[in-house]
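Please read the structure below before turning to the comments.
Values in this document were obtained by computation on a predicted structure and should not be read as measured data. Lettering follows sequence order; numbering is per chain, from 1.
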Amino acid sequence: MNAPIPPQNPPLLSVIDLKMHFPVRGGVLKKTKGTIYALDGISFTVREGETLGIVGESGCGKTTAGRTILRLYPPTSGSVIFEGKDLARIPKKILRETRRRMQMIFQDPFESLDARQTVYEILEEPFLIHGMGNPTERKEKIHQLLDTVGLQKSAASLFPHEFSGGQRQRIGIARAIALNPRLIVCDEPVSALDVSIQSQILNLLIELQRERGLSYLFISHNLAVVKYMSESIIVMYLGKIVEHAPAELIYQNPVHPYTQALISAIPVPDPTRKRRRALLSGDLPSPRNPPAGCRFHTRCPLVLDQCRREEPLLRCHEGDPDRRVACHRSTEGIKIW
Amino acid sequence: MTQAENSFLSIRNLVTAFDTEQGSLRAVEDISFSVERGRTLGIVGESGCGKSVTALSIIRLLPRPAGRIEGGKIWFQGTDILTLPPERLNEIRGNRISMIFQEPLTSLNPVQRIGAQIGEVMGIHFPRMTKEAIGNASLELMEKVGIPDPKRCVAAYPHQISGGMRQRVMIAIALACKPDLLIADEPTTALDVTIQAQILELMKDLQKKTGMAILFITHDLGVIAEVADQVIVMYAGKIVEEASVETLFKNPAHPYTQGLLSSIPRLDSPRKAPLTIIPGMVPSLSDMPAGCRFQNRCPVKIECCKTIPPQMTALSETHSAVCHLLTGRKISP
Amino acid sequence: MKIDPATLKKIKRFQSIKRGYYSLIAISLFIVLSLFAELFINSRALLVRYDGRYYFPTYGEMIPGRVFGFDYDYETNYRELQKRFREAPSDDWALMPLVPYNPYENDLRQDDYPPFPPSFTEKHFLGTDTIGRDILSRLLYGFRTAILFSLALLFATYGVGISLGCLMGYLGGRFDLVFQRVIEIWTNVPVLYVIIIISSILVPNAMILLLIMAFFGWTSITWIMRTATYKEKTREYVLALKALGASDARIIFKHILPNTLSIIVTFAPFALSSGIVALTSLDYLGFGLPAPTPSWGELLQQGWSNMDAWWIASAVISAMILTLLTVTFVGEAVREAFDPKLFTTYE
Amino acid sequence: MKNAFSHATYLLTVFLLLILSPQHTPLFATPEIPSNIVWLTNDQDPLFSDDTAQKGGLFRSAVFTFPLTFRTVGPDSNSGFRDAILGNQLGLIGIHPNTEKIIPELATSWAFDPDKKTMYFKLDPRAVWSDGKPVTADDFTFTLEFMRSPHIVAPWYNDYYTQEIDKVIIYDDHTLAVVAKKAQPDLHLRVGINPTPRHFYGVLGPDFVTQYNWRIEPNTGPYQMSDFEKGKKVTFKRKKDWWARDNRYFKNRFNVDRVVYEVVRDMTVMWEYFKKGKIDTFGITMPKYWHTKTQIPLFENGYAEKIWFFNDTQQSAQGLWLNQDKEIFKERNLRYAFAHAMNIEKVIEQVLRNDFYRLEHGFVGYGRYSNPSVKARRFDIDQVARDMKASGWDRGPDGIYVKNGNRFSVEVTYSIDEHTERLVVLKEEAKKAGIELNLQKLDVSAAYKKVMEKNHDVAWMGWSTSLRPQYWEHFHSINAHKPQTNNITNTDDPEMDKLIDDYRDSLDEEKRIALSLKIQEKIHEIGCFVPTFMVPYVREASYRWWRLPKVPGTKMSGSLFDPFGSTTGGLFWYDKARHEETQAAMKEGKTFPPVTIVDRTYEPK
């Protein structure tokens, strides 16, 4: 197949073999009793003006990925190259400055705002932290921001709890774009919102991306939303990337059995489409004790002996540099439903 | 006996209110519907629309003294639940009507073993069962809800098992007394999709086997599409549309239902194409507009929506909606 | 700076709890009153006119008797002065406070022995203690001592507790670990005994007592603050601030502290009353502030050993009940306002 | 014993010199009694008991704490309860409480050696231990062994019996001599030691302290402990055929059959016990009790009686001790001014209800050894002004004297709660005189430590007494300027040293008395001690069926209802008829005229 290669934007963020292991402590002296392998060597690239989606179920490490990239957690190993600098290694001072250009939107729009501050104060905070502008300039900026995210100027004097969830998320977005970032990590930005509000926020995010050339790292458990938002998608399972592909392909032709199962499990709002279900048995194993070999082998319907012993590498699928799959049987073209 | 009294579960003109700092607010206002034996009725709506309150009203489990049922009738197999004395109520609760909740961890007693919790329910409702019989029945139940290695699970505490397993345990408890009606309030919302799929399958399967009726409450239209036979759409404490599941998804009549269906991105929707939106937000209970409650967000609002509350209009045998635009009109199936 | 509506709501709720609200007004009034106690209860005259000159003896240095024509160099006895002016009519006069006794002087009489019962003519409205000191005077000044002491103690323990607790919760790790153990050990020290031992060796003046009590009193609020901070710092808004590049200090002082404030406020009235109780108990046991500092504990001790002088015990016990009740009412109302528990049952 | 408590007036007990105690020596070949000695005895002195006294009855008393041990030496033995046990241990000789002459106890006669170091004794052959074993001369040898043993863990006794007593010489089973280390004027006060039952203790071992905690030692006195309930009460029983019951000075004494001590932990509660009739007597020396608390029907109806008995015994040197090493007290004028600023009279008149007497100097009550012409400085503001002016001090803005920025503000260290009310009055009065007192109340041991380290400005305290005035430890320069000595004023005066040295070296009583008077004048002149109060009496409340002799006590009586104590104890008796009469009256509501006895036999003029 010689699909035309689309022109690609230059990379903005490259993550190379990033690992984040959390020690589990216990006892009087808080000795390390174990390790949670939240991220166990992930690599990917986010291109300018594009969205990279990360999907996966709870505990797969997607949230950790977002936070580690922003170095809200100090990574165990690996690199996060942003604007040519390795964020995992730069000194705190430079990091603080760099953070202006990478921001985050959180799942819970109420939790992520300081309830004691007015919207004005919340939005002023980024400028104050970085010592930018005088009061008049800041005021003007804040009003602009409010306008950008579709809120009234009068909202400035109100407190977060006086808003509905969707409006709060708008405030969160306004804060995230206040410093003109280039990258925004969106961590489940709509999953706490009511369905009728979700679309408003998604539209806003798209609009902002278009206007400002933003890149998003879009994290969600909702494959439909991720697919809608992203150019390419990473599917994670237990701290590992199992599949990485352009958004359309992942839906049309998922390769990894986990991806397939995930897609088949998503309930579709169409009662007439009674599909065959690929039901996965069992639960997600604990990231404290990931299975040996392929991490998915405990639930995989296609499991071979090899899968139990040997960990599959994330390799290009069928020579396509944009498609990577970590499965021993990826070349066999088996569909599990 | 009226038809309502005769039916399996029939709610008529239910009004439930809560005392808050803003005064008494009606979380559920004048809703009526019925559920048939062996069928699944889905109630769908956004947070705060009154769907959970409806469920709690049915088994009279409202928090006191803030919440109370102000009016209406709830007929369950010929008895009006609202007039039952408390001791009779307990015979129905858990025995003929069971309920499962969204967060299985908080619904289970954290310091009691799983086995004991299942056994306890049976002990309450079948006082004549021996300990051994209860133990065996528990194991059997757990097997039935698909818990692998039930013997180990019996001895475990709730926090030691996964969320999916906990929800299965909840279902096992709910099924312990072979209820005629199962009320499931967002039973899969806290679960991962792969687990959700398992639970949904399980519920459908169990319904087939036991013939119980299910009242399935969720905000997820996708889930509704999979499980429900009949669907009620609620908005701001009122029912706005009721239809069979096929009709609803194919021919949504109420602008709100239409908006909902078109605003969610689907796996096959084109990337980053602007989504249809329902503008604005749900009015708060303390600040309900006169007339139609959806008027501030409705794209097809007309003058009378502002002042006159619309009435339920039957569009077909199985389909009715509450909208001025539909008055006098029937949509052919 | 605008008070956020959540707080405003709490304040409103507090105001609506009448018992607590009026208690707060009452206790504030008491405190203000006691701060200016010299104007109501004092042996010095408020105003003296003598030989065409006016004197304001209340605040400032003592005026020796000779200035007013007495034959002594020590402080003028203004009661006698007033009496003298009255007996020998002239333009001179002296205006005495409501209760013309200070808390230290012994109003002793020939052939009659204290404690003297309440007397309006003598202006000992609550009587005198066993060495002829005015009880009302000692009560009010004792209240001032106790409340100021408790407030100081409150600030000291809260100062330490809040900063340390905040740091423990925020920094976590080894710092937290070490102090956790320290607190655990600290809380197992029987504080009262330690204070008794220390204050029997050291001179127990107010400052030292305060230091000792603060030294052992900081743990509970530290623990509370640690927990609160811990909870607060894992909240997403802190993460958001970090992502914005905010410094730790900014996060702690501008965000975490204000958000944990309600917890501190809830505990404060109870801490205040326990401070009063602690000081009173120590004074009662004789390990508190040195004599002759006016103190409730000392009065209570006198009352206990002189049950027949009913006015001593009844005055100090009523005063204590009143104060503690008021403070507790305030505390209750604050807690109710800040953390309303709506009682819910299920049918 | 309860009396010791009720006299809150007695301050720090610094040394326990009070009692007779010494002891004895190893023996070589049988020694000969010197022939040049004169055997003495005393059957001439007046009796002080009452010959109408009857035997019988139960006497109930109370103690604050249960003793931690029944041992009288070693750790934890120094409780008030020790007096009860030791009260039943006789010595070789006693002191007549009124004439202060030697009277027999275990020894029937005695003799002095001209060397003024040795005293000879003949034991009463009838003397037996409570377990029936005879008391022999060897028991006195054993006292020395016992008291010198490291196993008793009592350094003070170890030291005393080594430094003061040289040896005990045994001539035969009932004849012995006790030899002091050095010649002394009042030898009999040192060598009249107690016996210790060798047959009871045998060889002492390192487990002595634990082994004898709760064992009851055989004794020679009128009572023996019969049973006890740990933490609650102790009962003493009168010996039916006590060997000394008919001795001249023991006759008609030690009358009650049983004495019960119950533990009552609080003074106020103890008073309630008395009012309920659960204990028989109560010490009411304190003004509060004498004047106020006894104004109740119990006394008004005559069921209980009050007695005020003046004694004439050595008075504790109570007062303010100025530390002359402190800058402010280096100047004599300032010491005088301080003394004149202490309004002791006001305290006596208006706080202490004239119940206390002004102590004129530190050595009152020592008979001829006391100087009646030394009078304490009286409160005198003008005199203070003169003294201060002479030293160049003036009143500051707050009325307190200042000079070069130094205020005349001194710290008064004290340790007894009840004294606070006296001190606050002194403080207010001193303020008028221009001197500021800062009251520093410390725990007893902390105060003691502070004073012993000479860190005080002014110490408010008293010393316990001995039979003769002791000057050397308090006023000799050899004890000045160093810690852990009793010269807490740091008196350092060559003239004083000379007088004290002469006093100590002299074996001639008349000369000693003359020197004693001189020293007391000198102390007054130095002005480093402001004497305060004395309480030359005891006051007791008792139910009316408890009877006392016509003169209810002796010159030396510290309590009228001390059931034991060979010198002054056991004078009272139980009147059964009156008890029954009173009980009947109480039941019927009949009353008796109230009785308050004031006995002024020994009142100081």
Side-chain angles (χ1 to χ4, degrees), chain A residues 51 55-60 163-167 192-203 205-207 209-210 221-231 247-248 251-252 258 261-274 277-286 299, chain B residues 44-49 146 148 161-165 188 190-198 200-201 219-228 231 235 244-246 248-250 256 259-282 284 297:
Chain A
T51 305
V55 279
E57 296 177 282
S58 54
C60 73
F163 294 93
S164 69
Q167 286 170 312
L193 303 179
D194 273 327
V195 259
S196 70
I197 306 298
Q198 275 186 20
S199 48
Q200 297 176 1
I201 297 298
L202 292 177
N203 279 355
L205 286 173
I206 290 165
E207 200 180 313
Q209 184 171 44
R210 256 183 216 134
H221 68 276
N222 188 334
L223 188 57
V225 171
V226 172
K227 200 207 137 245
Y228 169 73
M229 290 295 290
S230 314
E231 268 76 24
E248 279 71 28
Y251 170 55
Q252 289 159 8
Y258 176 64
L262 201 58
I263 290 168
S264 84
I266 295 168
V268 180
D270 184 354
T272 56
R273 243 187 73 184
K274 298 288 183 199
R277 261 266 163 78
L279 271 186
L280 285 181
S281 58
D283 294 313
L284 210 67
S286 154
R299 301 172 76 191
Chain B
V44 70
E46 295 177 289
S47 50
C49 72
I161 58 175
S162 70
M165 283 305 146
T188 59
L191 304 176
D192 282 320
V193 269
T194 56
I195 310 298
Q196 167 173 294
Q198 294 171 4
L200 294 181
E201 283 303 318
H219 69 276
D220 188 331
L221 287 166
V223 171
I224 282 290
E226 293 219 351
V227 298
V231 183
Y235 182 80
S244 70
V245 68
E246 291 84 4
L248 187 86
F249 282 87
K250 201 167 154 202
Y256 174 64
L260 271 188
L261 282 171
S262 59
S263 69
I264 26 174
R266 302 174 183 224
L267 274 173
D268 49 3
S269 32
R271 182 190 327 151
K272 295 186 186 174
L275 295 163
T276 321
I277 60 162
I278 305 173
M281 51 189 179
V282 189
S284 78
R297 308 176 73 187

Indicate yes or no for a side-chain donor-acceptor contact from A/Tyr228 to the backbone of B/Ile264 under 3.5 Å, with no hydrogens or angles considered.
-> no
What closest approach, in Å, do A/Ala265 and B/Ala197 show between heavy atoms, and which atom pair accounts for it?
-> CB-CB, 3.9 Å
Salt-bridged, B/Lys272 to A/Glu207, with N to O below 4.0 Å?
-> no
Which residues pass the side-chain contact (heavy atoms from CB on, under 4.5 Å) test with B/Ser284, sequence neighbours left out?
-> B/Ser286, B/Asp287
State, to 0.1 Å, how close B/Thr276 and A/Ser199 come at their nearest heavy-atom pair, and which atoms those are.
-> O-OG, 3.6 Å
Backbone of B/Gly280 reached by a side-chain donor or acceptor of A/Gln200 within 3.5 Å = yes
Please state whether the side chain, the backbone, both or neither of B/Ile195 comes within less than 4.5 Å of a heavy atom of chain A.
-> both
Check B/Val227, B/Leu221, B/Val223 against A/Pro267 for a side-chain contact (heavy atoms from CB on, under 4.5 Å) and give me the one that passes.
-> B/Val223
Pair B/Glu46, A/Ser196: side-chain N/O donor-acceptor within cut-off below 3.5 Å | yes
Does the side chain of A/Val268 reach to within under 4.5 Å of the side chain of B/Leu267, using non-hydrogen atoms?
-> no
When rounded to the nearest 0.5 angstrom, what is the spacing between OG1 in B/Thr194 and CD1 in A/Ile263?
-> 13.0 Å
Highest number of heavy-atom pairs under 4.5 Å with chain B among A/Glu231, A/Gln198, A/His221, A/Met229 belongs to A/Glu231
Polar side-chain atom of B/Arg271 near backbone of A/Ser230 as donor-acceptor pair, under 3.5 Å = yes
Minimum heavy-atom distance B/Arg266-A/Pro269, with the two atoms named | NH1-O, 3.6 Å
Where on A/Gln167 is there a heavy atom nearer than 4.5 Å to chain B: the side chain, the backbone, both, or neither?
-> side chain
Of all the heavy-atom pairs spanning B/Met281 and A/Ser164, show the shortest one and how long it is.
-> SD-OG, 2.9 Å
Max heavy-atom pair count under 4.5 Å with chain A, selected residue of B/Ala273, B/Gly259, B/Pro279, B/Gly45 = B/Ala273
Hey, which of B/Met165, B/Arg297, B/His219 has the most heavy atom pairs under 4.5 Å with chain A?
-> B/Arg297
Top residue by heavy-atom pair count (under 4.5 Å) with chain A, among B/Leu261, B/Ile224, B/Val193?
-> B/Val193
Which residue out of A/Asn203, A/Thr51, A/Leu202, A/Ile206 racks up the most heavy-atom pairs below 4.5 Å with chain B?
-> A/Asn203
